[in-house]
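Everything numeric in this text was worked out from a predicted model, so none of it was measured. So that the names make sense, note that chain A is the first sequence line, chain B the second, and so on, each numbered from 1.
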Amino acid sequence: MEDNDLLKVRLEKIAALKAAGVDLYPNDAKPQNTTAEILEGFGGKDGESLARLTEKFSLAGRLMAIRSFGKAAFVKLQDRKGQMQCYIAKNILSEQDFSIFKKLDIGDIIYVSGKLFRTKTNELTLEAQTLRLMAKSIHPLPEKWHGLTDIETRYRQRHLDLISNPAVREIFYRRSLIIKLMRQFMDNHDFLEVETPMMQPRAGGAVARPFKTHHNALDQDLYLRIAPELYLKRLVTGGLERVYEINRNFRNEGISTFHNPEFTMMEFYLSYATYEDLMSLTEELFVFIAQNVFNGLSFAYQGSEIDLTPPWRRLSVNDALLQIAGMEPADVSDPAKTIAFARRVGCDIKETDPHGKILMAIFDEVVEKKLIQPTFVTQYPVAVSPLSRRSNTDPELVDRFELYISGREIANAFSELNDPADQRERFMQQLKEREAGDDEAHEMDEDYVRTLEYGMPPTAGEGIGIDRLIMLFTDSASIRDVILFPLLRTRQE
RNA sequence: GGGCCGUUAGCUCAGCGGUAGAGCAGCGGACUUUUAAUCCGUUGGCCGCGGGUUCAAUCCCCGCACGGCCCA
């Protein structure tokens, strides 16, 4: 496939190494140190105190640069923690090791052991007394200075991206840290981590198109879940009271800088709590993450300064439409005027859509992008919230909020509907919309209603989009920059 | 789905209606303290794919593929 001269040269080197009896892929060398550990531990020591050290050090990693002087060379070795310079010299290594070194290429995995010293320019350096090839690389790496910038190659060959772009590695280290912090936070609040089905006979718990699959032995269609919601609430009914799940959801919809077909969500349920309690808990969680990641509460995201200092703004959908979308009270209350307004601002709506749905279309079109600082938008229309508890003061509204930061929805939460009669009615309403052509409307789930009939404690639940959260905390413009392997179209051969 | 943009050496990028260039990487040589090492020499291309226009297309036109951004 790739039969160019570069490859030919490497294959010749491999042949020469083999002929000299060198194992190209040994597995018996174990580094005792990492680059960062050495640089941190000995960065403060001067040349004289390093010379007095009797300790030997060993590193393994990828050869990233070779600056050769013929009989000696400086090389850069990169491991999971960073990079460190090593010194290779003919009069220090054995003849065999030095001749192997001469056959190495940038990109090879090597093992080096020896002692520490400082160079003339005072750089802490590992002097190689032994050197081993641990894995031969036959493809050239991206350029040392510009790295790899071609976006398609970065996503399709993420290993190259990770090798050549330290900032990309940083993002995924931070992603892991944040998820760890979320688990720690939930565990500290006495939540139980659980796992519920990814493959479901009905894709419920959210409004989205699902992926369909099939189980052969059962000869049964299954759907990849669009949300774990209904299963988690079964667990609450079962008495677990506080549960959370961090896992993938799948939605068969468009791909954009904010949407990947599979994305990671943390969903959690807290019994004897309301959506208002979850607002406080959410503030607390974000503050906990920010303190650990930034050691502070404000940070830059794509050019704007985000301040997480609580309490965050709370704004009802109604007030948002009046204050931010510039609607008059009659535009909100009179369905005909609402439709006219929606058309005016360019919403794609049907006149038969429920009033609440049209109001939300206006919200999405006009208000959403203006909510830069963290804002809890509350009091959603019942029409767009089939699983939420009705407000005690207005049965057309539900006790729900969505959290917006930097113009994007980050979290969605509500007091859960635990009245089985009302739930059945809501499913019936969704069924009508499905029959009217809305293939995203919720399906009837008798089994779930029956669970509620056993009595679910009053509960509030929330879902937090982890990828979007990571985008925020890593100043990433695209969701593909925080997902290791974002979905791309398969290339035809 | 629509609009705009991109696709040239392994990588990062120039270029132009007259058969292709740089830097890095590679290869050969010099060099035992470099930091994108340096110096001398040098290899490497279906210019994304398929059509069309033209004496001549990497360049202009059409289609396709993949990607990016914006919109829906």
Quiz item: Which letters describe nucleotides 27-34 of chain B, given B = protein heavy atom under 4.0 Å from base, S = only from sugar-phosphate, - = neither?
Solution: S---BBBB
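Enclosure of atom NZ in A:Lys115 is not indicated, since only 12 or fewer non-hydrogen atoms of other residues, nucleotides or ligands lie within 6.0 angstrom. Crowding of A:Glu328 atom CD: a count of heavy atoms from other residues, nucleotides or ligands under 6.0 Å not exceeding 12.
Using cut-offs of 30° and 60° for the angle between ring planes, the A:Phe286 and A:Trp312 rings count as perpendicular. Between A:Phe74 and A:Phe69, the ring planes are perpendicular. Angles over 60° get that label, and only those under 30° would be called parallel.
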For nucleotides 39-41 of chain B, tabulate all protein N/O to nucleotide N/O atom pairs closer than 3.5 Å, reporting atom names and distance.
none

Return the polar atom pairs (N/O with N/O) between nucleotides 23-25 of chain B and the protein under 3.5 Å, or none.
unit_1 : atom_1 : unit_2   : atom_2 : d
B:rG23 : N2     : A:Glu143 : OE2    : 3.4
B:rC24 : O3'    : A:Lys144 : NZ     : 3.3
B:rA25 : OP1    : A:Lys144 : NZ     : 2.9

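Here the rule is ring-ring contact (aromatic ring centres under 6.0 Å, His included) with A:Phe57, and of A:Phe117, A:Tyr111, A:Phe42 only A:Phe42 fits it.
Atom P of B:rU19 sits at a distance of 22 Å from the matching atom of B:rG10, rounded to the whole Å.
The stretch residues 339-370 of chain A touches RNA chain B through A:Asp348, A:Glu365, each having a heavy atom under 4.0 angstrom from the strand.
In RNA chain B, stems built from 3 or more consecutive Watson-Crick or G-U wobble pairs, each with both distances under 3.5 Å, span B:1-7 with B:65-71, B:10-13 with B:21-24, B:26-30 with B:38-42, B:48-52 with B:60-64.
Contact check on A:Arg314 versus A:Asp319 returns no salt bridge, with no Lys/Arg side-chain nitrogen under 4.0 Å from an Asp/Glu carboxylate oxygen. No salt bridge links A:Lys13 with A:Asp108; every basic N to acidic carboxylate O contact stays at or beyond 4.0 Å. Between A:Arg175 and A:Asp467 a salt bridge is recorded (basic side-chain N to carboxylate O distance below 4.0 Å).
For residues 358-384 of chain A, there are no salt bridge (Lys or Arg N to Asp or Glu O under 4.0 Å) pairs, not counting sequence neighbours.
Looking at heavy-atom distances under 4.0 Å, A:Leu160 makes no contact with the nucleic acid at all.
For the pair A:Arg489 and B:rA65, the criterion of a side-chain N or O lying under 4.0 Å from OP1 or OP2 is not met.
Between A:Leu487 and A:Asp150, the one whose closest nucleotide on RNA chain B sits nearer the 5' end is A:Asp150.
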